[in-house]
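Because only heavy atoms are used, hydrogens play no part in the values below, and waters and symmetry mates are left out as well, while side chains stay in. Computed from a predicted model, the values in this text were never measured in an experiment.
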Amino acid sequence: MKRGLETLVASAVSTLHARGELDIETAPPLVIERTRDPRHGDFACPVALGLARAARCNPRELAARIVAALPEAGDVESTSVAGPGFINFKMANGAFQRIAGEIVGSESPWGRSRRHAGKRVQVEFVSVNPTGPLHVGHGRGAACGAALANLLEAVGWEVEREYYVNDAGRQMDILALSVWLRYLEVIDWPERPAFPEGGYRGEYIRDVATELAREHDTRLGRDLVEGPPGGDEDARLDALIAGARAALGEDGFAVVADAVLEEILAGIREDLAGFGVVFDRWFSERSLVDTGALARVLDILRERGEAYERDGALWFSATAHGDEKDRVLVRANGQSTYFASDVAYHLDKFERGFDRVIDVWGADHHGYIARVKGAIRALGRNADAFEVVIVQLASLWRGQDRVAMSTRSGEFVTLRDLVDEVGADAARFFYVLRKSDQHLDFDLELAKSRSTENPVYYVQYAHARIASVLRRAGEEGGNGNANAGAGAERSGLGHLSRLTEDHELGLLKTLSRYPEVVEAAAEACEPHQIAHYLRDLANAFHSFYNSHTILAGEADLRSARLTLVEATRRVIADGLGLIGVSAPSTM
RNA sequence: GCGCCCGUAGCUCAGCCGGAUAGAGCAUCGGCCUUCUAAGCCGAGGGUCGUAGGUUCGAAUCCUACCGGGCGCGCCA
């Protein structure tokens with residue numbers, strides 16, 4: 001609908017231009033916007049305001065000339081010039097009434113576009129270190145990433161959803177060490193060091209340790225002699241890791257590490273599935289080492305003159321690519337950094353041929369963007385095809401009290417707890433309700449409450465109400481067939497012109513916005529726009545529902561209204577689907 | 001100190017590539033169930049859009065400074 005008007009105005013402008021009545025070199029981008037005030041019609045175009053300066057003439061007068069040059073269009077009921085020079089369009093009711101028919105008659109979900117068809121995008125999200133269960137802070141990245149992926153699909157992208165598993169490096173070692181020390185406690189091994197400050201203390205560590213003891217009895221028991229006291233915590237941890245490695249042997253250490261990794265990953269996978277988030281691929285950091293991809297990318301950087309040695313370490317010349325300082329790839333002790341893996345990982349993404357690569361990161365990683373972008377550029381790839389969507393971590397509250405979250409301290413609320421308590425629907429909706437780069441105060445009490453403060457119920461309720469009406473319509477149809485409602489709403493296709501009440505037109509107009517909202521939300525990577533739209537749509541429906549009886553009056557009007565509410569139901573279900581929320585038929 | 005993000009109604013937030021009278025939810029107050037789900041609807045009150053300048057026909061929106069808040073600034077991940 002918007003598109004059509006854009007074409008009309010563009011045509012009028014070029015007509016004036018061709019006639020030499022408009023003296024401008026470049027036209028500003030054409031914008032058609034929805035009016036806020038119904039007295040201004042349905043759509044407004046401020047193009048004359050922008051053109052007037054360049055053309056050095058009165059905006060109102062220019063607007064009038066554009067209006068005069070507009071081609072005929074059946075959907076436009078009237079056109080007017082208003083205010084400082086807006087061109088306002090009032091659409092014919094038929095243009096909106098037809099929408100209901102399109103929605104109900106559409107085989108595939110209505111409101112999608114093929115704008116990006118044939119292009120592939122990868123969305124990497126969550127990617128939480130597998131050192132413990134997902135907690136509520138991670139939930140937002142999962143909800144936003146999944147919704148974003150759905151949105152991109154809705155505008156034609158072929159999407160691959162990926163989780164990057166940090167299964168290499170020091171954190172993994174600390175994790176394995178923590179489990180092994182707990183294991184020594186479980187089997188009551190006499191010679192064992194005190195549990196280190198920096199170890200992982202969560203209950204799940206003990207669970208894995210207990211499982212290890214069940215499986216291996218005391219066969220993984222070894223004496224671990226601590227070095228002399230003193231030195232900092234990190235040094236002590238490294239010494240303990242080295243000691244454990246030596247005592248268990250690489251194979252024995254790997255048994256512990258694999259056991260805990262598998263356990264935790266399985267838990268993460270399960271938690272995400274319970275949250276309605278599924279990945280196409282789980283990409284292992286360790287595989288980058290095993291396949292030599294990591295070594296290869298370091299060679300490439302060296303060959304291209306993008307990396308150099310200093311103080312025994314290998315550095316990436318990040319400053320040459322806009323970062324504030326150079327970054328270490330390989331430490332003086334020979335260990336590569338997390339960043340080095342990430343460079344190799346992102347090269348791998350580009351080598352897989354994606355047209356666009358999107359990472360969804362927590363806000364605490366924003367300082368990391370410049371170096372990764374820089375590395376991509378240094379590797380000769382198109383850094384503009386790489387985008388980072390920042391998701392602010394949610395602060396967790398329990399009423400008035402802020403809940404501390406730290407994986408190592410073991411004090412956190414898991415995502416699973418949250419889903420168990422509030423349900424996946426409320427959690428998903430809540431997470432995407434705010435713009436993702438905005439802080440989110442997540443109040444557990446609020447999310448748990450089944451009050452109207454939880455907007456998800458408002459939207460789902462609209463869907464359930466419609467489903468109920470359609471069921472009733474089917475029953476009254478007399479055949480008791482559950483699908484009878486589906487027939488009833490189609491029979492209204494020929495009577496849509498009966499929908500002339502303000503509430504009916506209001507609902508139709510809100511429905512007509514859906515394709516615009518999906519497109520805007522996808523282009524801006526802003527799933528929250530969908531959540532806000534759904535609230536508007538539910539509001540338009542509830543208002544209509546309270547003002548008019550659907551299953552009353554004469555047959556033509558009744559069937560037209562059934563078509564209207566079925567169209568509404570479909571759009572609500574589709575929009576909820578995009579953000580991963582179910583559309584219940586009863587509540 | 002440097003960098004990024006943010007200050008909009010009592011609270012939580014939309015609106016931000018400049019556009020007409022700044023919106024929603026919650027909270028507060030007042031109405032609406034003999035009719036299809038009241039988890040709903042209708043109405044009212046509530047604002048120096050952090051402050052001060054600047055650009056413009058026009059600024060919540062763009063620019064600058066300042067004030068206030070969050071995050072990041074490791075041979076950590």
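Nearest to the side-chain atoms of A/Thr35 among the listed nucleotides B/A14, B/G74, B/A20 stands B/A20. Picking from B/C36, B/A20, B/C13 the nucleotide with the shortest atom distance to the side chain of A/Ile550 gives B/C36. Looking at the side chain of A/Arg472, the nearest of the listed nucleotides B/G23, B/U37, B/A24 is B/U37. Side-chain proximity of A/Asn546 to B/C75, B/G40, B/A24: nearest is B/G40. Of the candidate nucleotides B/A20, B/C76, B/A14, B/C76 has the atom nearest to the side chain of A/Gln171. Of the candidate nucleotides B/A77, B/C75, B/C36, B/C75 has the atom nearest to the side chain of A/Trp315.
Under 3.5 Å, the side chains of A/Tyr457 and A/Asp425 contain no donor-acceptor pair of N or O atoms. A donor-acceptor contact closer than 3.5 angstrom is absent between the side chains of A/Asp359 and A/Tyr164. Side chains of A/Thr319 and A/Asp326: a donor on one and an acceptor on the other come within 3.5 Å. A donor-acceptor contact closer than 3.5 angstrom links the side chains of A/Ser341 and A/Glu285. Between the side chains of A/Asp167 and A/Ser284, at least one donor N or O sits under 3.5 Å from an acceptor N or O. Side-chain N/O atoms of A/Glu306 and A/His321 include a donor and acceptor closer than 3.5 Å. For the residue pair A/His495 and A/Ser559, no side-chain donor N or O sits within less than 3.5 Å of a side-chain acceptor on the partner.
Stacking is not found between A/His366 and the pyrimidine-like six-membered ring of the B/G72 base under the 5.5 Å centre-distance and 30° plane-angle cut-offs. Lacking a ring centre under 5.5 Å from that of the base six-membered ring together with a plane angle below 30°, A/Tyr458 does not count as stacked on B/G40.
Using a 4.0 Å heavy-atom criterion, one finds that A/Ala313 contacts the bases of the nucleic acid, with or without backbone contacts as well. When heavy atoms are screened at a 4.0 angstrom cut-off, A/Ser468 is found touching base atoms of the nucleic acid. Within 4.0 Å of A/Ser547, counting heavy atoms only, lies no atom of the nucleic acid at all. At the heavy-atom level, A/Asp437 lies under 4.0 Å from the strands shown only through sugar-phosphate atoms. Within the nucleic acid shown, A/Gln335 has no heavy atom closer than 4.0 Å to any nucleic acid atom. Across all strands, A/Tyr368 comes closer than 4.0 Å to base atoms (heavy-atom distances). When heavy atoms are screened at a 4.0 angstrom cut-off, A/Asn539 is found touching the sugar-phosphate backbone but no base atom. Across all strands, A/Asn88 comes closer than 4.0 Å to base atoms (heavy-atom distances). Among the heavy atoms of the strands lying under 4.0 Å from A/Ser585 is at least one base atom, whether or not backbone atoms are also near.
In this structure B/G43 sits in a base pair with B/C29, meeting the Watson-Crick or G-U test at under 3.5 Å. The partner of B/C66, taking Watson-Crick or G-U wobble pairs whose two distances both stay under 3.5 Å, is B/G50. Shown here, B/G1 forms a base pair with B/C73; the pair counts as Watson-Crick or G-U wobble because both key distances fall under 3.5 Å. Within the shown strands, nothing qualifies as a pairing partner of B/C16 under the Watson-Crick or G-U definition with both distances less than 3.5 Å. Pairing partner, B/A59: none, since no Watson-Crick or wobble contact has both distances short of 3.5 Å. A 3.5 Å limit on both hydrogen-bonding distances identifies no Watson-Crick or G-U partner for B/A22.
The shortest distance between the side-chain N/O atoms of A/Tyr345 and the OP1/OP2 oxygens of B/A77 is not below 4.0 Å. Taking 4.0 angstrom as the limit, A/Arg331 places a side-chain polar atom (N or O) nearer than this to OP1 or OP2 of B/A77. In terms of phosphate contacts, A/Tyr461 brings a side-chain nitrogen or oxygen within less than 4.0 Å of OP1 or OP2 of B/A39. Phosphate proximity of B/A38 to A/Arg465: present, with a side-chain N or O under 4.0 Å from OP1 or OP2. Taking 4.0 angstrom as the limit, A/Lys435 places none of its side-chain polar atoms (N or O) nearer than this to OP1 or OP2 of B/C6. Phosphate contact (OP1/OP2 of B/A39, side-chain N/O of A/His463, threshold under 4.0 Å): absent.
No hydrogens or angles were tested; on distance alone, nothing pairs the side chain of A/His365 with the base of B/G72 as donor and acceptor under 3.5 Å. On a pure distance criterion of 3.5 Å, no polar donor-acceptor pair joins the side chain of A/His542 and the base of B/C41. You won't find any donor-acceptor pair under 3.5 Å spanning the side chain of A/Asp173 and the base of B/A77, going by distance alone.
Comparing the P positions of B/C49 and B/A59 gives a spacing of 12 Å, expressed to the nearest Å. Distance check on atom C1': B/C29 versus B/A65 gives 43 Å, rounded to whole Å. Remark: the separation of the C1' atoms in B/A60 and B/C17 is 15 Å, to the nearest Å. Between B/G18 and B/C26, the two C1' atoms lie 31 Å apart (nearest whole Å). B/G68 and B/G25: their P atoms are spaced 35 Å apart (whole Å). Distance noted for atom C1' between B/G15 and B/U8: 9 Å (whole Å).
Where A/Ala44 and A/His548 meet RNA chain B, the nucleotide closest to each residue was compared, and A/Ala44 sits on the side nearer the 5' end. The 5' end of RNA chain B is approached more closely, in terms of each residue's nearest nucleotide, by A/Glu33 than by the other of A/Val330 and A/Glu33.
Aromatic ring centroids of A/His346 and A/Phe386 lie under 6.0 Å apart.
More than 12 heavy atoms of other residues, nucleotides or ligands shown are found within 6.0 angstrom of CG on A/Asp364.
Nucleotide B/A24 holds its C1' atom 8 Å from the NE2 atom of A/His532, rounded to whole Å.
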